[in-house]
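Each chain gets a letter, A, B and so on, in the order its sequence line appears, and its residues count up from 1.
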Amino acid sequence: MLRNYILYLFLLPSIILTVIFKYVPMYGSIIAFKNFSPRKGILGSEWVGFEHFQRFLSSPNFYDILMNTLKLSAYGLILGFPVPIILALMLNLVRGAKFKKNIQLIVYAPNFISVVVVAGMLFVFLSPAGIVNALVTTFTGKPIAFMTDPAYFRTVYILSGIWQTAGWSSIIYVATLANVDPQLHDAATIDGASLMKRIFHIDLPALKPVMAVLFILAAGGIMSIGYEKAYLMQTALNTPTSEIIATYVYKVGLQSGDYAYSTAIGLFNSVINVFLLIFVNTVVKKLNEGEGLY
Amino acid sequence: MDIHYTGKDRILLIINYILLGLFVLAILLPLVYVVLSSFLTPNTLITKGFAITSSDWTLTGYAKILSNSAMIRGFFNAIFYSAAFAFATVLFSVFAAYPLAVEELVGKRSIMIFFLITMFFGGGLIPTYLVIKDLGMLNTVWAIILPGSISVFNIILAKTYFQGLPKELFQAASIDGASELSIFFKIVLPLSKPIIFVLALYAFVGQWNSYFDAMIYLDDPKLFPLQLVLRSILIQNQVQPGMIADAMAQAELKKLSEMIKYSAIVISSLPLIVMYPFFQKYFEKGVMVGSIK
């Protein structure tokens with residue numbers, strides 16, 4: 001028993017911290033249903049039911065913000081998800097371990113650059129006087145306002161995201177491919193299968209289970225794209241496409257101090273997310289012979 | 001494995017190398033451009049192309065950055081936050097994960113579920129902010145270090161590692177009369193250097209690159225980490241006081257501030273870029289261990 005007593009003691013700090021920083025905020029989110037005033041506290045403030053949710057759903061920018069959130073993640077997922085897989089398949093064809101390692105060293109690198117720096121680089125490269133517009137101007141005669149024109153926000157956001165994370169995300173696929181039994185490839189080659197055939201019939205099926213799990217996870221987080229980069233890339237002019245739920249929650253809550261309303265919007269977001277996770281998991285299960293995340 | 005490639009296969013391989021080459025270039029070019037620009041007067045690259053002469057090179061951008069107190073302070077704050085955060089993360093993850101890896105611990109399942117729930121449900125931005133505020137942690141280093149240091153993902157990572165350690169070792173030690181504490185400190189911890197290293201490395205890099213918590217929890221510029229100082233230079237275009245002498249012409253000022261941006265990007269990324277090749281395999285190891293469960 002003494003043995004267990006020490007083990008429970010080991011667990012204690014983490015349990016206390018989890019209660020304070022995770023469970024207390026969960027409890028605190030009931031202010032979404034209250035007319036929260038910091039003076040009266042969470043318990044003292046009176047209930048208002050779904051008033052904040054109704055206010056959000058009927059607010060004039062609700063539709064735009066919801067669609068911006070959905071589009072940004074959905075396009076990001078559709079365009080970004082296949083890239084690490086293709087990259088891994090391409091890396092798998094590279095001969096020479098050292099050469100391959102060097103390529104990997106380069107393609108992983110952007111993952112270690114901070115979002116602030118990536119957003120900063122976008123601003124200096126894509127500004128009207130930047131290098132990209134120097135090229136654009138030579139061809140079309142006038143610069144494109146990439147960072148201020150709402151029409152370009154999504155493209156810039158998604159492409160820079162792929163630039164930053166595709167290499168790093170490919171690791172798991174590269175490792176899975178390395179575990180494919182070489183005899184399968186040998187046998188297929190003897191049977192006259194071309195390289196292309198082997199990629200489609202040996203490599204891709206080997207990646208399928210990993211792809212399914214990662215896809216569910218990515219799709220489940222479809223509403224929860226971080227504030228961090230979107231907030232940094234936001235300019236006064238591009239908000240028609242760059243305002244997403246996460247940035248809106250930050251603005252309403254911490255900049256305008258409307259705590260309860262902001263919490264309600266955040267909660268709305270999480271609920272949709274849970275439903276999406278369940279939905280995508282069900283669909284993938286059907287397509288993937290009963291194999292899903294749970 | 002290298003049997004015979006047919007003609008068609010060779011074409012595919014060549015296309016593959018070309019595409020990979022383009023991808024590598026797309027990654028590399030912006031980075032190289034930033035580094036070159038940080039040493040050149042602004043727009044030299046654009047206007048002169050490769051006809052750059054030796055007189056175009058300058059260290060002015062770096063001199064301005066390195067003589068800026070906000071930047072220097074941010075740099076050291078970031079080192080402190082990242083190191084403290086890494087230490088806290090390792091401490092909490094390892095101490096929480098070890099008991100959960102012990103098979104016969106009563107209530108293990110419930111405790112695991114208790115942690116796992118936080119992975120799927122969260123309080124959200126405002127309720128978390130209110131907790132930090134009520135604890136009086138606003139504008140203190142605790143707000144940066146404590147809340148994020150406990151993560152389910154890290155606990156699972158460490159737990160998976162501990163479960164992979166040979167059980168016979170513990171049983172033998174236990175038969176020899178070693179207490180639980182001495183088993184943990186004399187056997188488990190020394191065997192766990194790889195996972196401790198991976199957790200610390202991930203936590204350090206994560207904290208080094210983050211700005212959001214600092215932005216919402218800190219008010220005092222003296223406490224700002226590097227990324228927050230960078231944000232004001234790169235995104236908000238605020239040239240820090242003291243970086244540019246008072247009565248400089250508007251155009252000069254704009255030029256110089258562009259240059260400062262490039263130098264700031266290089267300096268802020270330098271520590272990680274220097275570390276990176278040495279630690280690459282540990283990062284990969286971390287991803288792989290993480291993907292098991």
Between the CD1 atom in A/I15 and the CD1 atom in B/I111, the distance rounded to the nearest 0.5 Å is 5.0 Å
Bottom line for B/Q280: the part with an atom under 4.5 Å from chain A's heavy atoms is side chain
Okay, B/L20 and chain A: the region with an atom under 4.5 Å from a heavy atom over there is both
Distance col, row A/L93:CG vs B/D9:CG, nearest 0.5 angstrom, shows 9.5 Å
So CG of B/L12 and CD1 of A/I199: to nearest 0.5 Å the spacing works out to 5.5 Å
If you tally heavy-atom pairs under 4.5 Å between each of A/F112, A/W168, A/F36 and chain B, the highest tally belongs to A/F112
Quiz item: Does the ring centre of A/Y108 sit less than 6.0 Å away from the ring centre of B/F283?
Solution: no
All heavy atoms of B/T128 vs all of A/P25, minimum pair found to be OG1-CB, 3.7 Å
Exercise. Backbone N or O of A/L105 within a donor-acceptor pair of the B/Y276 side chain at under 3.5 Å?
Worked result: yes
- Item | Check: A/Y23 side chain, B/F114 main-chain N or O, donor-acceptor pair, under 3.5 Å | yes
- request: Check the pair B/L13, A/R95 against side-chain contact (heavy atoms from CB on, under 4.5 Å), reporting the backbone distance first and the verdict last.
  value: CA-CA 10 Å; B/L13 283 175; A/R95 295 281 153 258; over 6 Å; no
One option among A/V115, A/V94, A/V249, A/I103 has the most heavy-atom pairs under 4.5 Å with chain B, and it is A/V94
Per-residue tally against chain B (heavy atom, under 4.5 Å) across A/T263, A/V107, A/L254, A/I171 peaks at A/L254
Counting heavy-atom pairs under 4.5 angstrom with chain B, the leader among A/L87, A/I31, A/V24, A/I20 is A/L87
* Evaluate the side-chain proximity of A/L11 to B/F95: yes if any heavy-atom separation is below 4.5 Å, no if none is. => no
Any donor-acceptor N/O pair, A/S14 side chain to B/F92 backbone, under 3.5 Å = yes
Applying a strict 4.5 Å limit to non-hydrogen atoms, the region of B/T118 in contact with chain A is both
For A/V116 and B/I235 the tightest heavy-atom approach is O-CD1, 4.1 Å
Among A/S194, A/A166, A/G266, A/G167, the residue with the most heavy-atom pairs under 4.5 Å to chain B is A/S194
Whatever's closer than 4.5 Å to a heavy atom in chain A on B/I183 counts as neither
Under 4.5 Å to a heavy atom of chain A? For B/L272 that would be side chain
Between A/F10 and B/L181, does a side-chain contact (heavy atoms from CB on, under 4.5 Å) hold up when you go through it step by step? CA-CA 10 Å; A/F10 275 15; B/L181 273 182; 3.9 Å; yes
The interface call for B/L228 against chain A, heavy-atom contacts under 4.5 Å, is neither
Applying a strict 4.5 Å limit to non-hydrogen atoms, the region of B/L100 in contact with chain A is side chain
The interface call for B/V106 against chain A, heavy-atom contacts under 4.5 Å, is both
Cut-off 4.5 Å, heavy atoms of chain A, and the answer for B/I273 is neither
Scanning both residues in full, the closest heavy-atom pair of B/N209 with A/I113 reads ND2-C, 4.0 Å
Of A/W163, A/Y231, A/F123, the largest count of non-hydrogen pairs under 4.5 angstrom with chain B goes to A/W163
Turns out that what part of B/M137 lies under 4.5 Å from chain A's heavy atoms comes down to side chain
Closest non-hydrogen contact found for A/V117 with B/L234 is CA-CD1, 4.1 Å
Distance col, row B/K261:NZ vs A/M121:CE, nearest 0.5 angstrom, shows 13.5 Å
Would you call the rings of B/Y262 and A/F125 parallel, tilted or perpendicular, where under 30° means parallel and over 60° means perpendicular? tilted
- Message: Before you tell me yes or no, could you show the steps for B/F184 and A/I6 under side-chain contact (heavy atoms from CB on, under 4.5 Å), namely the whole-Å CA-CA distance, both residues' side-chain angles and the distance that decides it to 0.1 Å?
- Response: CA-CA 11 Å; B/F184 180 73; A/I6 286 174; over 6 Å; no
